[in-house]
Amino acid sequence: MGNGGTTVVRYEILGSLEVIHEGRICTPTPPKVRTVLALLVMRANRVVLVDSIIRELWGDDPARSAVTTVQTYIYHLRKLFAKEGIETSERTVLESRARGYLLRVEPGQLDAEVFEAMLDQGRSHIESDRPEEGAEVLRRALAMWTGPVGANVTFGPALEAHAIHLQEQWIRALELRIQADITLGRHRELIGELRYLVGTYPLNEWFHRQLIVALSRSGRRGEALQAYHHLRRVLSEELGLDPSPDLQRLQREVLAAGGPLRPGLARAS
């Protein structure tokens with residue numbers, strides 16, 4: 001993860017924003033400076049316009065001195081990077097561009113980019129009928145998360161959009177890993193995790209579906225039916241909806257089954 005072959009720096013956003021250089025945490029302390037850095041990190045290797053930074057910090061009502069204040073925050077970041085040896089006279093990391101700034105990040109330095117690459121790799125393994133390898137890669141990818149995206153950063157609209165995207169990627173990685181584990185027959189091992197997930201995401205029918213499948217395949221058909229009725233009650237009370245036709249078919253399969261459900265029923269739709 002070298003930068004110009006002379007330094008090792010990591011940017012972490014899958015949890016609290018952290019800058020780590022040669023084992024030392026170098027994250028700026030002032031909240032607005034952290035917000036500016038988070039925006040530069042989220043848009044690594046792309047120009048972030050000064051107008052975008054102003055909108056992120058002050059919304060539609062910026063102070064008259066907003067441009068000067070942004071320049072001051074960038075100065076503080078450069079001073080921090082120089083002090084920590086991240087940026088030197090031979091190596092520019094934070095570049096000034098026309099009407100904005102660019103944070104140069106090398107491959108492997110940003111945890112969000114590494115996570116998304118591992119998600120793609122895990123998906124590829126699963127699509128190639130290699131669920132064991134896919135589950136392992138996705139387990140390591142999910143372990144990179146230490147909390148909500150940018151937990152120590154105040155978000156404006158752009159950072160909020162980036163955080164939502166990464167959260168959706170996290171859910172997809174989790175779905176794929178669960179799908180691989182079910183394919184591998186790890187039904188009993190998944191029940192506790194799936195109960196937690198349906199409690200945390202009560203409107204996510206996919207998680208409910210996998211819990212029903214895991215319970216039924218573990219010989220707990222009564223609990224599987226209870227899980228279905230719980231989902232039906234939640235959807236009715238919260239949204240005035242019935243479970244999807246796919247889940248209704250699954251309920252009929254559980255009622256009719258004399259044994260475990262067919263493997264194909266665990267597949268994500």
Side-chain angles (χ1 to χ4, degrees), residues 1-50 52-58 65-97 99-118 140-167 169-170:
M1 296 192 296
N3 185 342
T6 57
T7 188
V8 178
V9 60
R10 296 201 318 275
Y11 302 93
E12 298 183 353
I13 196 71
L14 303 179
S16 294
L17 171 68
E18 300 289 3
V19 181
I20 303 170
H21 179 232
E22 297 180 347
R24 300 189 311 276
I25 295 177
C26 311
T27 314
T29 302
K32 287 190 182 297
V33 178
R34 270 205 309 269
T35 297
V36 173
L37 176 59
L39 195 56
L40 291 165
V41 166
M42 289 282 208
R43 295 183 177 176
N45 299 312
R46 290 173 287 175
V47 175
V48 180
L49 298 178
V50 171
S52 297
I53 298 174
I54 290 172
R55 194 175 306 113
E56 194 73 11
L57 293 172
W58 295 285
S65 60
V67 172
T68 303
T69 303
V70 167
Q71 292 170 344
T72 301
Y73 294 156
I74 294 294
Y75 167 78
H76 284 309
L77 281 174
R78 283 199 170 115
K79 185 176 179 181
L80 173 66
F81 285 179
K83 175 186 174 185
E84 298 294 343
I86 297 170
E87 187 164 274
T88 68
S89 57
E90 293 81 27
R91 181 180 58 252
T92 301
V93 174
L94 181 50
E95 301 179 3
S96 295
R97 296 293 182 90
R99 301 172 55 207
Y101 303 95
L102 179 147
L103 182 69
R104 190 159 297 287
V105 175
E106 302 296 332
Q109 290 183 318
L110 175 56
D111 63 351
E113 289 184 352
V114 174
F115 167 78
E116 293 193 305
M118 293 177 73
R140 287 189 282 113
L142 291 163
M144 296 175 66
W145 289 66
T146 60
V149 175
N152 59 344
V153 177
T154 301
F155 284 0
L159 285 173
E160 186 69 33
H162 282 292
I164 290 170
H165 166 74
L166 286 171
Q167 183 67 22
Q169 294 291 82
W170 177 83

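Small disclaimer: the values here were computed from a predicted structure and weren't measured.
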Peer 1: If we ignore hydrogens and angles and just use 3.5 Å, is the side chain of Glu87 paired with the main-chain N or O of Val93 as donor and acceptor?
Peer 2: yes

Peer 1: The test is side chain to side chain contact (heavy atoms under 4.5 Å, CB included); show your working for His76 and Val36 and say whether it passes.
Peer 2: CA-CA 11 Å; His76 284 309; Val36 173; over 6 Å; no

Peer 1: Under the criterion side chain to side chain contact (heavy atoms under 4.5 Å, CB included), I'd like the reasoning laid out for Val9 against His21: C-alpha separation, chi angles, the key distance, then a yes or no.
Peer 2: CA-CA 4 Å; Val9 60; His21 179 232; 4.2 Å; yes

Peer 1: Between Arg78 and Ser96, does a side chain to side chain contact (heavy atoms under 4.5 Å, CB included) hold up when you go through it step by step?
Peer 2: CA-CA 11 Å; Arg78 283 199 170 115; Ser96 295; 2.7 Å; yes

Peer 1: Strictly under 6.0 Å, is that where the ring centroids of Trp170 and Phe115 end up?
Peer 2: no

Peer 1: When you look at His165 and Glu116, which way does the side chain to side chain contact (heavy atoms under 4.5 Å, CB included) test go after all the steps?
Peer 2: CA-CA 11 Å; His165 166 74; Glu116 293 193 305; 2.9 Å; yes

Peer 1: Main chain of Val50, side chain of Arg99: is a donor-acceptor contact present, judged purely on distance under 3.5 Å?
Peer 2: no

Peer 1: Please check if the side chain of Thr27 supplies one atom and the backbone of Val19 the other of a donor-acceptor pair under 3.5 Å.
Peer 2: yes

Peer 1: Mind telling me whether Tyr73 and Trp58 have parallel, tilted or perpendicular rings, with 30° and 60° as the class edges?
Peer 2: parallel

Peer 1: Locate the shortest heavy-atom distance separating Leu37 from Pro28; write the atom from each residue and the value.
Peer 2: CD2-CD, 3.6 Å

Peer 1: Quick check: does any side chain N or O of Glu56 sit under 3.5 Å from a backbone N or O of Thr35, one acting as donor and the other as acceptor?
Peer 2: no

Peer 1: Within this structure, what is the NE2-CZ distance for the pair His162 and Arg43, rounded to the nearest 0.5 Å?
Peer 2: 4.5 Å

Peer 1: Arg34 and Ser16: side-chain donor and acceptor closer than 3.5 Å?
Peer 2: no

Peer 1: Has Thr88 got a side-chain atom pairing as donor or acceptor with Arg91's backbone, closer than 3.5 angstrom?
Peer 2: yes

Peer 1: Quick check: does any side chain N or O of Thr146 sit under 3.5 Å from a backbone N or O of Leu14, one acting as donor and the other as acceptor?
Peer 2: yes

